[in-house]
Amino acid sequence: SQELEQSPQSLIVQEGKNLTINCTSSKTLYGLYWYKQKYGEGLIFLMMLQKGGEEKSHEKITAKLDEKKQQSSLHITASQPSHAGIYLCGADGQRGSARQLTFGSGTQLTVLP
Amino acid sequence: NAGVTQTPKFQVLKTGQSMTLQCAQDMNHEYMSWYRQDPGMGLRLIHYSVGAGITDQGEVPNGYNVSRSTTEDFPLRLLSAAPSQTSVYFCATRRGAGTQYFGPGTRLLVL
């Protein structure tokens, strides 16, 4: 079965600093999803990456997919307290599979004002 | 559209009690699933359904039952609750290989 490893497990940064979260898969990545979760709430979809080399941005968050390394990174520029939460990556294990996603264990982000 | 709804939001059970967690969606998605989230372990798939009348086991199915009689509803049943089932439960839906959408979650405490 596919496993996703996220690093770091937790991250504390000062407001305004840049940061990167990584997600590495044990198998070929066919679709990679990033979600954000605030404490006590559900998961909010951020971005989906499907092709090697693909890069997407939304506001100050950029995600990239490196198919060769079986890895995705999530980069936040000029972090704000509103970015705090748990970031989870999820992946499709098989190309074209409509089965449910496998998830990493999450990265807890704290942004100090 | 309400999206994905879950009830109840919170529940406390005693060991051995049974209960049903409700999940409903109004997006007409064929795929529905249940996950549990525990500290440091991310989300683990319990059961999933690819359409009405079809269900299958995920990674951690023991102690849970599901059924899918309609496209809209996918209840999760705990037949005899155990402390190890204390967790946060999320229901999710998906259309094909598109984005998976999650409900707000149910926090369950088993004493």
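Order of the sequence lines sets the chain letters (A, B, ...), proteins ahead of strands, with each chain counted from 1. Heavy atoms only: backbone and side chains are in, while hydrogens, waters and symmetry mates are out.
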Subject >> Side chain / backbone / both / neither for B/Arg95 at chain A, heavy atoms under 4.5 Å >> reply: neither

Original post:
If you count heavy-atom pairs under 4.5 Å with chain B, which of A/Gln6, A/Met48, A/Glu41 comes out on top?
Top reply: A/Glu41

Original post:
What distance do B/Thr99 atom OG1 and A/Met47 atom CE have between them, rounded to the nearest 0.5 Å?
Top reply: 12.0 Å

Original post:
Side-chain heavy atoms under 4.5 angstrom apart, residues restricted to Ile, Leu, Val, Met, Phe, Trp, Tyr: same cluster for B/Leu13 and B/Leu21?
Top reply: yes

Original post:
Can you get from A/Leu88 to B/Val88 by hopping between Ile, Leu, Val, Met, Phe, Trp and Tyr side chains that sit under 4.5 Å apart?
Top reply: yes

**OP:** Please answer whether the main-chain N or O of B/Tyr101 pairs with a side-chain N or O of A/Tyr35 as donor and acceptor at a distance below 3.5 Å.
**Re:** no

Original post:
Just how far is it from atom CG of A/Leu101 to atom OH of B/Tyr48, taken to the nearest 0.5 Å?
Top reply: 12.5 Å

Original post:
Judged by atom type as modelled, is there a donor-acceptor pair below 3.5 Å linking the side chain of B/Tyr35 to the main-chain atoms of A/Phe103?
Top reply: no

Original post:
Hey, does A/Thr102 have a side-chain heavy atom less than 4.5 Å from the side chain of B/Arg44?
Top reply: no

**OP:** Might you confirm whether atom CD of A/Glu5 has over 12 heavy atoms from other residues, nucleotides or ligands at distances under 6.0 Å?
**Re:** no

Subject >> Listed partners of B/Glu72 passing salt bridge (Lys or Arg N to Asp or Glu O under 4.0 Å), at least two apart >> reply: none

**OP:** Can you establish whether the number of heavy atoms outside A/Ile12 located under 6.0 Å from its atom CD1 is more than 12?
**Re:** no

Original post:
Tell me, side chain or backbone of B/Glu59 under 4.5 Å from chain A's heavy atoms, or both, or neither?
Top reply: neither

Original post:
Honestly curious: do A/Leu46 and A/Ile21 fall in one hydrophobic cluster under the side-chain, below-4.5 Å linking rule?
Top reply: yes

Original post:
Hey, is NZ on A/Lys36 packed in by over 12 heavy atoms from elsewhere, all under 6.0 Å?
Top reply: yes

Original post:
So which bits of residues 72-81 of chain A come within less than 4.5 Å of chain B, counting non-hydrogen atoms only?
Top reply: none

**OP:** With a 4.5 angstrom heavy-atom cut-off, could you sort out which part of A/Leu43 is near chain B: side chain, backbone, both or neither?
**Re:** both

Subject >> Atom group of B/Leu45 that falls short of 4.5 Å from chain A, counting heavy atoms >> reply: side chain

Subject >> Single-linkage hydrophobic cluster B/Val66~B/Phe90, side-chain heavy atoms < 4.5 angstrom >> reply: no

Original post:
Would you say B/Val110 and B/Val60 are hydrophobically clustered, going by side-chain heavy atoms of ILVMFWY under 4.5 Å?
Top reply: yes

